[in-house]
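Data first, discussion second: the structure below is written as structure tokens.
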Amino acid sequence: MFALYDGVLAVRPDAPDDPGRDRFILSKGHGCMALYAVLAHHGFFPRETLAAYCTAEACLGEHPMPGKIPGVELATGSLGHGLAYAAGQAAGLALRGAPARVFALLGDGECDEGSVWEAAAAATAQSLSNLTAVVDANGWQACGRCGCITPGFDLAAAFAGFGWETRELTDLSQPALIAAFGAAPAGDRPRAFVCRTVKGAGVPFMEDDLEWHYRPVRGRDRDRARACLGECPGDA
């Protein structure tokens, strides 16, 4: 998300609803804490607001909702819907001849949803070269490993099979991601980037551990995590 907002998306905090803006759809809405941090870091709302995350007085819920803070395009978290919405946005922009692009971030477990592949087929049929899907392929679903919950499959091959321009990314550094996401599409096809990630990367006691998907990071654990990561953009 920082790569997109730092060097790719044409969107401004002083005009978050500009009709000509690029769109970012966080289909895996349970990752909204990262989106909130990115938006605060880029000036969409005060950083101090982050401290009230998920409290009774907060406008920042466990899933993002438009209208609560600037920069949120869609209420997400019911998995499998984000890519279809992004494809619809991309189709509308294309019909108007607008140069804006649409990016959707999905989880790999979410890609078990049939609606993802209906959207993928429709995007190819409409030649939506202004649409990019980014898949956070960390190997986990809500209740276990991908491939244990449902039969596993090759995500990159699946998107390619639906006619998408597809790449797998293992270099997830900021410059590499900006270069990949910011490059122009090779033709008139939508693009998919399957990013091979590790849940909790950079914090050894959290890495590749599903427990931390549900467990709050507080007190000593929060201090330990900060010590591993150092000062992070958007930290509050």
Side-chain angles (χ1 to χ4, degrees), residues 1-18 21-79 81-82 85 103-107 109-110 134 136 138 140-142 172-174 177-178 181 195 197-236:
M1 292 187 209
F2 268 100
L4 283 169
Y5 280 86
D6 276 354
V8 179
L9 293 176
V11 59
R12 295 162 35 211
D14 61 337
D17 298 320
D18 184 337
R21 72 190 182 281
D22 289 341
R23 274 78 166 169
F24 173 71
I25 309 300
L26 179 63
S27 189
K28 46 173 291 176
H30 52 280
C32 62
M33 286 181 286
L35 177 60
Y36 297 154
V38 171
L39 292 175
H41 179 72
H42 287 85
F44 284 81
F45 62 90
R47 284 182 53 164
E48 293 74 20
T49 307
L50 294 171
Y53 166 73
C54 214
T55 63
E57 300 79 20
C59 58
L60 305 180
E62 291 183 332
H63 288 166
M65 291 187 64
K68 295 292 187 180
I69 55 170
V72 174
E73 297 282 350
L74 178 69
T76 56
S78 181
L79 299 178
H81 297 169
Y85 180 87
F103 291 79
L105 177 60
L106 298 80
E110 175 181 10
V134 180
D136 175 16
N138 59 42
W140 286 102
Q141 295 188 19
L172 304 181
S173 65
Q174 190 92 330
L177 290 177
I178 290 173
F181 299 157
C195 299
T197 64
V198 176
K199 220 170 185 39
V203 184
F205 68 92
M206 294 182 177
E207 282 190 4
D208 203 35
D209 185 347
L210 185 63
E211 177 184 355
W212 293 99
H213 184 86
Y214 301 100
R215 179 177 169 183
V217 184
R218 298 185 178 127
R220 181 170 176 269
D221 288 332
R222 183 175 179 174
D223 293 341
R224 292 169 64 201
R226 279 184 164 174
C228 294
L229 295 172
E231 181 67 18
C232 298
D235 194 16

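Just so you know, residue 1 is the first one in the sequence shown, and it goes up from there.
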For [X], which residues count as a ring pair (Phe, Tyr, Trp, His ring centres under 6.0 Å) partner, sequence neighbours excluded?
| X | value |
| --- | --- |
| Tyr53 | none |
| Phe24 | Tyr5 |
| Phe181 | Phe193 |

Is the number of heavy atoms from other residues, nucleotides or ligands under 6.0 Å of Glu62 CD greater than 12? no
[X]: side chain to side chain donor-acceptor pair (under 3.5 Å) partners, not counting sequence neighbours:
| X | value |
| --- | --- |
| His81 | none |
| Gln174 | Asp6 |
| Thr55 | none |

Which heavy atom in [X] sits nearest to a heavy atom in [Y], and how many Å separate them?
| X | Y | result |
| --- | --- | --- |
| Thr49 | Leu60 | O-CD1, 3.7 Å |
| Ala75 | Pro66 | N-CD, 3.3 Å |
| Cys59 | Ile69 | SG-CG2, 3.6 Å |
| Leu50 | Ala40 | CD1-CB, 3.9 Å |
| Leu177 | Ala3 | CB-CB, 3.7 Å |
| Cys195 | Leu172 | CB-CD2, 3.9 Å |

Restricting to side chain to side chain contact (heavy atoms under 4.5 Å, CB included), what partner residues turn up for Pro13, sequence neighbours left out? Phe44
Go through the steps for Val11 and His42 under the test side-chain contact (heavy atoms from CB on, under 4.5 Å), then give the verdict. CA-CA 10 Å; Val11 59; His42 287 85; over 6 Å; no
What side-chain donor-acceptor pairs closer than 3.5 Å can you find for residues 28-36, not counting sequence neighbours?
{"residue": "Lys28", "atom": "NZ", "partner": "Asp136", "partner atom": "OD2", "Å": "2.6"}
{"residue": "Tyr36", "atom": "OH", "partner": "Gly61", "partner atom": "N", "Å": "3.4"}
{"residue": "Tyr36", "atom": "OH", "partner": "Gly61", "partner atom": "O", "Å": "2.9"}

Residues in salt bridge (Lys or Arg N to Asp or Glu O under 4.0 Å) with Asp221, at least two apart? Arg215, Arg224
Set of residues satisfying salt bridge (Lys or Arg N to Asp or Glu O under 4.0 Å) with respect to Asp14, sequence neighbours excluded: Arg12
Answer whether the closest heavy-atom distance between the side chains of Val8 and Asp22 falls below 4.5 Å. no
Pairs satisfying side-chain hydrogen bond (donor to acceptor under 3.5 Å, both in side chains), at least one member in residues 63-76, at least two apart: Arg21-Glu73
